[in-house]
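See structure below.
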Amino acid sequence: MRAGGRRTAPDGAVAPAGTFAGGHDDPPPELLTEAAAAFGLLASSARLHIVWVLAQGESDVSGLAERVGGALPAVSQHLTKLKLAGLVGSRREGRRVVYFVADPDVVTVVRLMVTQLASRAEASTAPARRFRGTGA
């Protein structure tokens with residue numbers, strides 16, 4: 001329950017705005033459901049690639065299809081799903097539809113994940129690179 005912008009904990013105490021019920025950092029189930037839906041959309045490597053490309057600048061569907069290596073109809077379907085979820089937006093420029101990232105926070109999450117995975121991959125192969133050509 002909310003009382004003046006605050007959440008009421010199970011023991012009746014009022015937690016400050018911005019914290020979750022009970023003073024813990026556990027988000028409410030509705031918020032977790034919404035986050036899971038967003039992650040579910042990004043679980044497709046094609047949609048993840050589309051968001052990655054759009055984070056670098058706006059594009060139309062044919063430019064995206066060329067960049068991500070997908071068929072035009074498939075890329076269009078992915079864009080529709082991302083748009084319905086509010087992650088991507090679009091606008092008309094004459095006969096062309098230009099797509100862009102509608103939620104910059106999603107770009108932050110995507111970049112963080114990809115950068116972390118790249119760093120881990122580099123770290124796990126670093127010792128092997130060091131020993132190449134040494135006869136070891």
When clusters are formed from ILVMFWY side-chain contacts under 4.5 Å, directly or step by step, what else is grouped with [X]?
X	result
Val109	Phe39
Val106	Leu41, Leu42, Leu48, Ile50, Val51, Trp52, Val53, Leu54, Val61, Leu64, Val68, Leu72, Val75, Leu79, Leu82, Leu87, Val88, Val97, Tyr99, Val101, Val107, Val110, Val114
Leu112	none

Quiz prompt | Partner set under side chain to side chain contact (heavy atoms under 4.5 Å, CB included) for Ala36, not counting sequence neighbours | solution =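 By the side chain to side chain contact (heavy atoms under 4.5 Å, CB included) rule, Ala36 matches no residue at all.
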With sequence neighbours excluded, give me every salt bridge (Lys or Arg N to Asp or Glu O under 4.0 Å) pair touching [range].
range	answer
residues 59-85	Asp60-Arg96
residues 33-58	Glu58-Arg91
residues 100-121	none

Quiz item: Which heavy-atom pair separates Gly89 from Ala102 by the least distance, and what is that distance?
Solution: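 Reported closest heavy-atom pair: N-CB, 3.7 Å.
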